[in-house]
Amino acid sequence: MYLCCIHRITIFHISYPRSMEGRGLRAGFTADAPPLLHMSEPLRRTAFNRLFAVVYFSAILALLYRHVQNLFLHPTTSFLSFSITLFLFISDLVLAFMWASAQAFRMSPIRRKEFPQNLKQIIKDEDFVGLDVFICTADPYKEPPMNVVNTALSLMAYDYPTEKISIYVSDDGGSVLTLFAFMEAAKFARHWLPFCRQHNIMERSPHVYFESISHHPSIPQFEKIKIMYEDMKMKVEQVIDKGAVIEEYISDDQQHQAFNKWTKSFSRMDHPTVIQVILDKSKDTDISGQLMPNLIYVSREKSKTSPHHFKAGALNVLLRVSAVMTNAPIILTQDCDMYSNDPQTPLRILCYFSDPALKSNLAFVQFPQRFHGLNRDDIYATEYKRLFKINSMGFDGLNGPNYVGSGCFFRRRALFGGPSTPVPPEIPELGPDHVVRKPIISHEILSLAHRVAGCNYENQTGWGSQSGFRYGSLVEDFYTGYRLQCEGWKSLFCNPERAAFLGDVPITLFDVLSQCKRWCIGLFEVAFSKYNTLIFGSQSMGVLTSLAYSHYALWPIWCIPVTFYSFLPQLALLNQVSLFPKITEPWFFLYVFLLLGAYGQDFLDFVLDGGTVRKWWNAQRMWMIRGLSCYLFSSIEYLLKSVGISTHGFSLTSKVVDDEQSKRYGQGIFEFGVPSPLFVPLTVAAIINLFSFLLVLTQFFSGKNTEGLCLQMILTGSIVLNCLPVYGAIGLRNDAGKMPTQITIISTFFPQNLKRIIKDKDFVGLDVFICTADPYKEPPMNVVNTALSLMAYDYPTEKISIYVSDDGGSVLTLFAFMEAAKFARHWLPFCREHNIMERSPHVYFYSNYHHPSSPHFDKIKMMYEDMKVKVEHVIDKGEVTDEYITDHQQRQAFNKWTKSFTRMDHPTVIQQIILDKSHDKDISGRLMPNLIYVSRGKSKTSPHHFKAGALNVLLRVSAVMTNAPIILTQDCDMYSNDPQTPLRMLCYLSDPALKSSLAFIQFPQRFHGVDKDDIYDNEYKLPFQINPMGLDGLKGPSYVGSGCFFRRRSLFGDPSTPVSPEIPELSPEHVVNKPIKSQETLSLAHHVASCNYENETKWGSKTGFRYGSLVEDFYTSYRLHCEGWKSLFCNPERAAFLGNVPITLFDGVNQCKRWCIGLFEVAFSKYNPLTFGSQYMGLLMSLGYSHYAFCSFWCIPVTFYSFLPQLTLLNQVSIFPKISEPWFFLYVFLFLGSYGQDFLDIILVGGTVRRWWNVQRMWMIRGLTCNLFASIEYLLKSLGISTYDFCLTSKVVDDEQSKRYGQGIFEFGVPSPLFVPLTVAAIINLFSFLSGLTGFFSGNNMEGLGLQMILTGFIVLNYLPVYGAIALRNDAGKMPTQIIIISTFVSVALYYASSLCLWSNNDSSKH
């Protein structure tokens, strides 16, 4: 052995013989101190696996004995009974064989690690071996060329001498579109490769890099190179849409010459060889002057009369062509959609290939196939964790893993005979030792390359049988790896922590099963060939390795036990026939052990490799589904083919993704959709299992004896659980992915039926109000995206008017909306054409959605980027420069910002010129919505009433200009996530029974960007989802400031007694009959928007949004409910709106403090919810509002319970009942009852345990911060000591804060007094808990302090993030030092004060 074993870890130190010194491999190192290149270690569970195998095998023998006994020793008289027993016996034999063969993977699994950082100490760059990369593609429509290009670019950009790399692209589709794509890619690569090197980028697939990066690096080349990529992509996709390379994209004679090879007689299955050298490393350089890799396009000759052997044939052509042109010793084979995710991968394989002890018989190094884009629970088990990772480690402890088709580095020599018996090729130029001395573009080289790529070249040669990739199976990878190991070669499994390659996965069940069916047919071709894995394999490789290969080769026979166990026990159950032992019989426990043992070991393997319980569940579900579909159909198809009845061909798995399918896949919804026979056995099994389970359940509850049917019931119940997605697809879904042959139930909201009742022209008008106040805290691009998402509603555009209130009076915001108006002319028709759901451009372009392959996509994305760059440039400068002013009209608008114009003192600005629905049209000729910018008049001497004042100005301006009956109020960062939302709203407002008293419909505030466990409780499940459902059962939910559709009439008096406004033009019944651009309309709009208009009117008291509280939303809805109006809560499955959340604790509690002060203003006003509210709304509704209005009172119990029990605990004073007293259990019940009900509420609306924990933690934190300070601040303001102002929550995100928030780390950072009580409480609770623990372990009698200890320990658990921020962190988000110092002094003072008080009390009680 070449390895030395140290503490069960195998470590490789390289040492070279003298013969290698001349090749520069020693690089100055001596054999005494060589660097470490790789190591391996056995998995710790190996001993357990071996012991368990012996025990489990004994149990299998016992089961088989029972079957033999039933069949032959106690035979039944019934042929049917004998047949069922025989079928179950066969099933168990198959299960036993598959289990036994799988044990080969568990006998000696190992894990390896490489140290590529040491490699360059041994080998200089110029001595690195050459690397030929083979990429195969076959259809530009199923495998989009841009995917293949991204894969190639990621491999070209390896951290490896570029002049040593040659990329060969095999295009088996013979498509000029693919060649064009690579010609464009070559131009882009000249910029991309140096960019990657310069910035040390890890994601070297351009698509992945540009799509995944959320905050663009501040490097000048970034935008430039991204635009270059977008231009290339747009060109390629335009050519693909047209199906031909158009003249305008052909730039020189060389390209003309290449494309002219595609003559009229050229077809996919009949054409000559095409070899195009796109990049030549001997002369082509990148922009930094460094040599480029070779890039060679190969489309092998094809003829309808010659076999082409699918992918194996294509790989062998590349093997020969590359031998003629470069003949690198190492070959990487790569799937066209499997891009490089680690640029150091070639260095990792050199850690093995450079080892002299391995070199003689190491054929290949296999990396696991890993995937991006998997949905959270991997519903189709497409990760294939066992196939690609777990079993590969088991294989690695034998002769090495099998070849899986991609991510595999071969020694070229391994493909030409065994280690000791090389097979020389028919011409010396193809030999692995041949040295290429001529340029690859020389006539001689190209002629020979064309010759060896000919379709008849392999006739009467050893290609595919003794040389190259092997023919004879659809799974050429498995077969080739198997044959190489039979010849004496070995392989290694390299599984670094960072995935070396990442690929796409099929996202529909049909694609998954079709792909698996193709594999199964190929595996059967290996199993039943003359190279049978059990017979031939055991002679060549040994029993364990042959068993491991047989486990895969006979994969499809899983269908036998799965099919029999899915039908026979269930049919017997329907007829009350018992097939398995009763619970009282000893054999019952054997069955239970076999079931739990197999599943338990599988679960353990899965979880220990980083899997989750849900992923494991889906893996075993998919095992069952495959057993009834692809395994079964592949077995039937192979059998029919073997008797000459049918044949099978190679079918590509499509890499093109449908948006709706992608969306359902992301949500974890199974995609059936295709009316395929594959789904028939599965659906039959689902139905039979469900009916048999329900029947026996009925009999069980009827009191019938079902003891003998217990195992059948358990089996049937587990299958029913696995089939839940099938039942949903049969009866509960109405999307395109449902089970095709079934009728589905109509959706709850029926928005699709609305247009049968109301025609488009009869839809009511909709005025949308968006408020913003500061372009630096609320970036205009966020506001623009919100507005564009609302303008693009699935609603007649001429019925929509968007009003933007800019309370910051900023020319920057106006400029942003002028630019947005230009972009909207293209964006709105694009959304309609492609039925896009995410109509915020930012969300659509920068999320992980699969975008349409449309020529317009890249064009419109570039338009958006241009607009964004302009707007952000203007904001950075703080002014609109002349270069961005395009006409006199714009200049006139911007001239309103004079030197005397300030944020708090300026005249009204109403810029209607942006868009006018009476004549402005989009590029498709359809009318645009109105888009109106409003900055109300402000004066330092007039009150402006914060957001309520801004909304009332919009209410009046909109009444003058459009006066739509429906108003939507929207926060500036809360974009539309469902274009059908207005239709949902009309389902209620169009109901005559509701119309008379319905004031508004509130949608829940939901958020994107919330971290996994919602550490700050930003989701506010209780106030935004759970409690509104409760209020909806009374008079309706409260208004929460955004996502609310009002009837305009409800803001003008109660349902029966309307309040007339001071001028008729503001009345909700007023009909606007003048153009909004008319002088009269604009003059009146300016008048009603002035700062003094409301003087001596009812605005804010009886009309419009109500003044008197910082929470104008809560107060307005409370007053409306008091007036007799009702509201409704609409919470569709797809969020109607999504917004941003604060990502620092300070922003979160500061926002909450503002709300709490506003709520106190309502609570202690003359409209007190308890006294005034109960008279007008009823007791329950008033209690509901009071719960919020007095929420700051939480600070009282939280503060007292955070300090008093702890201070008394420090002084060993009991204040709660002892554990032995009955009152103790009352306290426990009250505590558990309250928390338990809260927990249940949150879990039942989709919350998690961790989120619930963070909800109650934040309740405690708010009690000591915002609730407490809001109470103090309101009290001081009431006494005239202080005043408070409205403070915006910033929507600008710091990168580091965002990173910590994503990791679930609390962000303190700001030295705010808000954190002092919290820190003091944390310190006192910790010390009192430790003091109590010390007393307990010292033997003191702590019985009377039990409840105090529990309470204190509970609070300490909640404060773990505070302790971390105080003592364990060194980042900018830690607790500021001054807060820690102040809190420590306060804690000490509190302790001494409490001790003094308690001592004085004890002293006086003694006297």
Side-chain angles (χ1 to χ4, degrees), residues 59 63 66-67 69-71 74 76-92 94-95 558-600 617-618 620-625 627-629 632 670 679-732 739 742 745:
L63 176 68
R66 182 176 187 272
H67 279 305
Q69 195 178 42
N70 289 340
L71 279 170
H74 306 293
T76 57
T77 53
S78 164
F79 174 74
L80 179 62
S81 179
F82 176 82
S83 301
I84 291 172
T85 307
L86 179 62
F87 288 146
L88 293 179
F89 177 49
I90 293 169
S91 297
D92 287 344
V94 172
L95 287 171
W558 279 122
C559 70
I560 297 170
V562 172
T563 304
F564 286 157
Y565 274 106
S566 295
F567 289 101
L568 293 183
Q570 293 74 10
L571 293 170
L573 193 60
L574 282 168
N575 293 282
Q576 301 291 292
V577 176
S578 174
L579 299 181
F580 301 126
K582 295 179 180 179
I583 299 176
T584 54
E585 296 176 8
W587 289 107
F588 173 84
F589 299 101
L590 175 68
Y591 276 81
V592 171
F593 170 74
L594 288 167
L595 177 72
L596 296 181
Y599 271 89
W617 177 263
N618 286 322
Q620 64 82 31
R621 169 189 278 150
M622 280 304 299
W623 168 76
M624 189 200 82
I625 290 174
L628 288 168
S629 53
L632 179 61
F670 270 62
F679 298 144
V680 173
L682 175 63
T683 311
V684 172
I687 294 168
I688 287 176
N689 275 268
L690 181 62
F691 278 98
S692 60
F693 186 67
L694 293 176
L695 177 69
V696 177
L697 266 187
T698 307
Q699 292 170 345
F700 175 78
F701 287 117
S702 301
K704 292 187 179 178
N705 182 13
T706 55
E707 184 195 4
L709 304 173
C710 182
L711 273 175
Q712 280 158 271
M713 278 198 67
I714 293 169
L715 172 65
T716 306
S718 69
I719 294 175
V720 166
L721 271 178
N722 274 305
C723 287
L724 288 179
V726 183
Y727 303 131
I730 290 171
L732 302 177
M739 194 66 77
Q742 305 300 323
I745 298 171

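Index from 1, following the sequence. Heavy atoms only: backbone and side chains are in, while hydrogens, waters and symmetry mates are out. It should be emphasised that the depicted structure is a prediction, and the values quoted were computed from it without experimental measurement.
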For residues [X] and [Y], determine if any side-chain heavy atom of one lies less than 4.5 Å from a side-chain heavy atom of the other.
X: Leu709; Y: Phe580; value: no
X: Leu632; Y: Pro681; value: yes
X: Ser629; Y: Leu682; value: no

Decide side chain to side chain contact (heavy atoms under 4.5 Å, CB included) for Phe87 and Ile560; before the verdict, give the C-alpha distance in whole Å, the side-chain angles of both, and the deciding distance to 0.1 Å. CA-CA 9 Å; Phe87 288 146; Ile560 297 170; over 6 Å; no
Using a 6.0 Å cut-off, check whether atom CZ of Phe691 has over 12 heavy atoms from anything other than its own residue. no
Rounded to the nearest 0.5 Å, what separates atom [atom1] in [X] from atom [atom2] in [Y]?
X: Gln712; Y: Tyr565; atom1: CD; atom2: OH; answer: 10.5 Å
X: Leu715; Y: Cys710; atom1: CG; atom2: SG; answer: 11.0 Å
X: Ile90; Y: His67; atom1: CD1; atom2: NE2; answer: 10.5 Å
X: Phe82; Y: Phe89; atom1: CZ; atom2: CZ; answer: 10.0 Å
X: Ser91; Y: Leu86; atom1: OG; atom2: CG; answer: 9.5 Å
X: Cys723; Y: Leu690; atom1: SG; atom2: CG; answer: 9.0 Å

Could you go through the side chain to side chain contact (heavy atoms under 4.5 Å, CB included) check for Tyr591 and Leu63 one step at a time? CA-CA 8 Å; Tyr591 276 81; Leu63 176 68; 3.6 Å; yes
I would like to know whether Val562 and Trp623 meet side chain to side chain contact (heavy atoms under 4.5 Å, CB included); could you show each step before the answer? CA-CA 9 Å; Val562 172; Trp623 168 76; 3.6 Å; yes
With sequence neighbours excluded, tell me which residues meet side-chain contact (heavy atoms from CB on, under 4.5 Å) with Phe593. Phe52, Val55, Tyr56, Ala59
Any pair with a residue in residues 716-728 that passes side-chain hydrogen bond (donor to acceptor under 3.5 Å, both in side chains), sequence neighbours left out, goes on the list, sorted by first then second residue, please. Gln620-Asn722
Just to verify, what does Phe693 make a ring-ring contact (aromatic ring centres under 6.0 Å, His included) with, not counting sequence neighbours? none
Grab the two heavy atoms, one from Val696 and one from Leu573, that are nearest each other, plus how far apart they are. CG2-CG, 3.2 Å
Where do Leu628 and Ser566 land on the side chain to side chain contact (heavy atoms under 4.5 Å, CB included) test, with the steps shown first? CA-CA 9 Å; Leu628 288 168; Ser566 295; 3.8 Å; yes
